[in-house]
Each structure stands twice: as structure tokens, then as C-alpha cells.
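First comes the structure, then the notes that go with it.
Chain identifiers are assigned alphabetically (A, B, ...) following the order of the sequence lines, protein sequences preceding nucleic acid strands; residue numbering begins at 1 within each chain.
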Amino acid sequence: MDTNLKKQYFSEELLSWYRKHRRDLPWRRSRNPYHIWISEVMLQQTRVETVIPYFHRFIERFPTMEALAEAPEEDVLKLWEGLGYYSRARNLQGAVREVQERYGGTVPDTLKEISTLKGVGPYTAGAVLSIAYNKPEPAVDGNVMRVLSRYFLIEEDIMKVSTRGIMEKLAKELIPEGAAGDFNQGLMELGAMVCTPRSPHCLTCPVMEHCAAREAGMEEELPVKKKAKPPRPEYRIAALIEGTGPNQGKVLIRQRPQEGLLARMWELPHTDVPFTYSPSEKAHPSIDSIPSSVSILADHLAEETIGIHPERWYMHAEHTFSHIHWDMQVIACSLESSLLPSGSSLLMPSHYQWVDRDTMGQYAFPNVFLKILNRYFAEHSN
DNA sequence: AAATCGGGGTT
DNA sequence: AACCCAGATTT
């Protein structure tokens, strides 16, 4: 079959399939460029079902770009809590402020301008332009690369930058006249609902008849993708420091640095230990079974003027990021003293804070620490 | 081109 | 346990 006919068939069938089968998603209920933009940023590397509650909370708290531009950054981070890739939140607010100042509060409608905004890469630019403004720009994400690699039997490694270029050119050619938004969303919808990574539902696919991978029996082998490196293990020890006196019932937390992993999020004080926990240490934990870790933790906190006295083993926690796996032992501690030279024993460095069950909600935590704190306060609810 | 940057659902 | 998700940025 002629290539151009295959393309025309694909575009027409996909478009009509989408218009019949599209899911009713919150960000599909308007074409507010700001709302579309938020949804696309939240959807980066994140599933639809995960995003939905975050999207509702976000537009309720920040209904307009003006509201988001004027909000304290910590409020934005708190609403992003648990969603991951927290630089997305900071970039989004920074970009919205840029739109307020440089573009008079209107999301730019050209590829050149919108692409200058922080956190708006090739995908997000194309998605916002096509969905909000119906501009014929491609929006190539993982779904689109999977669908196109199968339908056109493209065996290039989709992790390569050059392959992205091939896909974008192809995706742009396929956009039907005047239907960029629906077509691009249809491409992603097909990838999410029908042309899935494993065991694709070819029998219900609107373009199965001319799918090259299907004809070749290759649908399970595509797309070709080089395997990612496994996350490196990191062994860590954390202090759950229980307050006394005026801080009875509270726990000491600290804020992470401005840059890097989990930037500006709050956490339990903890540090890396330069060796692995043996299976017996994981299985039969106690302070005495990991004494060198405990002394490393005490030394680490002493450098931040926090003197601790380890009391008991509390729990084991694991957390996997894309590139790191944390294997963490949590030790309940009492506060020996503040080692600040001149202050009273109640003074703490400014990036430390006492919190209880009611006040911890003011601070944004990564999920691993959220779980530890929620368990602790559930067990210590006087 | 490779590494960094979260967290969780599916199979 | 492997895979991968409506990716962008930095090195």
C-alpha cells in the first residue's frame, strides 16, 4: 500500500476513533491554556490517574496565572507533594511569572516563544500549542513513539535523540487539517488505552488493518529501547528525634538544600553510610547490630550542632528513585543538647524545625519521609 | 550522549 | 522483578 495512503488512513481513522472514545478527563473540559499547561507539566512521566487529584487541588488553589505567580513558593511545593520531579513545580511557577511579566498574562501561542519558558520542552510546547490553540505542532511523548514505531515499523532506538526528530517530523505530517489538538490527544489516547507497552489490544485498534508491526507479528518487539541502568544502592541512617519538655510529642525535621535531589523538601535528618547493611542487620535490627551506622549518624548531626542520644531502632525504609535506591534504617533518638556555642539548648539551626502531627502538614515531604512520620504520629497519638 | 530528577502502577 | 509512564534540564 502506498505510504501516503497509509498515513491518510491512519490520521482519519485515529481522529474519528478519538472523537468517539476519548476519556472525560478534567483538563479536557476546557481549552484554558493555563489549565492545559498545568496538566501537561503534571503528566510528564506521570500517570493520568495519579495526576487527576493533584490537578483539581492545584487549579482550586491557583485558579489563575496571577494567583500562581503571587503564591509563596512553599505553597506550590506543598501542593506538588508526592507527585515527584519537584523542579517541575518551581519551573512552572517561574514560567507563569514570566508569562505575567513578558507576555501580559497570555500563554504564548508560538513555538518559538513558548519554548523559552522554563520546564516547557519539545513535548509540552507541542501539546499546549495543539490542544489549547489547535496549532499544527507535534507532541511526541512515549505513547506517540510507541504507536508510530509500531504502525510504521520503525526500528530505531527511541532513546536516541535522532529518533525523536524522525518521530516529530512524521507526527507533524500526520496532523489532519484543523484538528491538531484532537489528533495529538488521539495519538496519546491510543497509546494509553489500546497500543499499550505489553500485550497491545490490537483487535480493538482502529488502525490495525494497516499496522506494519501487526502485519509482521512485531507488535510486542516494538518500540526498540535500550535498557536503562539499574538504580545504584545507597545505604542511609535517619534520626527520628523525639522532643522533650516544651517539644514533647514533636519530632525534629530539616529542609534539604536549594539544589539537587528533592530540593527544598523537608526530611528526617539522615546521612549516607559508606557500607551495606548485611542481611542480618536488615532482618534483626537493633541499635547494637549497627553501631557504626549509629555513630556515623551522631557525628553527622554533631557537625550541624545537633547532639543526639540513640534510644532504639524504629523502622526500616526503602525508596527507589529513577537512579538511586535508598536502603534506610530509622533510629529513634533523644536530643542530648544543642551544640551551638552561645545559645540556649532549645536553639536549632534555621533549616531545622520541630513538628507534631498537626503542624507537619505545613511542610512538603517526599513520600518516604511522609510514610515514616505518619506511622510515628499514628503510634504516638496521645 | 549520558546523567539527573520521583513515585507508582502493570504485568 | 522488569518495565515504563502525556519529559526537561544539566553535564
Rounding to the closest angstrom, what is the interatomic distance between dC4(C) and dC5(B) at atom P?
23 Å
Over how many whole Å does the gap from Trp326(A) atom CH2 to dT4(B) atom C1' extend?
14 Å
Among dA6(C), dG7(C), dC5(C), find the nucleotide with the atom closest to the side chain of Thr124(A).
dG7(C)
Please state the P separation for the pair dA6(C) and dT11(B) - nearest whole angstrom.
13 Å
Rounded to whole Å, CG of Asn143(A) lies from P of dC3(C) at a distance of 18 Å
Between Glu81(A) and Lys78(A), is there a side-chain N and carboxylate O pair less than 4.0 Å apart?
yes
Do the side chains of Glu242(A) and Arg312(A) get close enough for a salt bridge, i.e. N-O under 4.0 angstrom?
yes
Leu92(A) CG to dA8(C) C1', in whole Å, measures 13 Å
Ignoring backbone atoms, test whether Lys226(A) places a side-chain nitrogen or oxygen under 4.0 Å from the OP1 or OP2 oxygen of dA2(B).
yes
For Trp326(A) and Phe321(A), I'd like to know if the aromatic rings sit close, meaning centre-to-centre distance below 6.0 Å.
yes
Whole-Å distance, Ile114(A) CD1 to dA8(C) P, equals 11 Å
Does the distance from a Lys or Arg side-chain N to an Asp or Glu carboxylate O, for Glu234(A) and Arg236(A), drop under 4.0 Å?
yes
Categorize Arg232(A) for me: base, sugar-phosphate, or nothing, with a 4.0 angstrom heavy-atom threshold over every strand shown.
sugar-phosphate
Do NZ/NE/NH1/NH2 and the carboxylate oxygens of Glu101(A) and Arg97(A) come within less than 4.0 Å?
no
Figure out the CE/C1' separation between Met167(A) and dA6(C), and round it to whole Å.
16 Å
So what does Leu187(A) hit on the nucleic acid, given a heavy-atom distance under 4.0 Å: a base, only sugar-phosphate, or nothing?
nothing
Can you work out whether Lys118(A) or Met188(A) has the more 5'-proximal nearest nucleotide on DNA chain C?
Met188(A)
dT11(C) and dG6(B): how far apart are their P atoms, nearest whole angstrom?
15 Å
Under 3.5 Å, is there a donor on one side chain and an acceptor on the other for Gln329(A) and Tyr235(A)?
no
Base, sugar-phosphate, or nothing for Lys229(A), non-hydrogen atoms under 4.0 angstrom?
sugar-phosphate
Sugar-phosphate or base contact per nucleotide [nucleotides 6-11 of chain B; S, B, -; heavy atom under 4.0 Å]:
BBBSBS
Under 4.0 Å between a Lys/Arg side-chain N and an Asp/Glu carboxylate O for Arg23(A) and Glu189(A)?
yes
Distance, rounded to the nearest Å, where Ile158(A) contributes CD1 and dA1(B) contributes P
15 Å
Just call it for Arg28(A): base, sugar-phosphate, or nothing, with non-hydrogen atoms closer than 4.0 Å on any strand.
base
Under 3.5 Å: donor-acceptor pair, side chain of Gln93(A), backbone of Ala71(A)
yes
To the nearest angstrom, how far is His325(A) atom NE2 from dA1(C) atom P?
10 Å
Met159(A) CE to dC4(C) C1', in whole Å, measures 10 Å
At 4.0 Å (heavy atoms only), tell me whether Arg23(A) reaches a base, stays on the sugar-phosphate, or touches nothing.
base
Using a 4.0 Å heavy-atom cut-off across all strands, classify Pro230(A) as base, sugar-phosphate, or nothing.
nothing
Taking the C1' atom of each, how far is dA8(C) from dG9(B), in whole Å?
23 Å
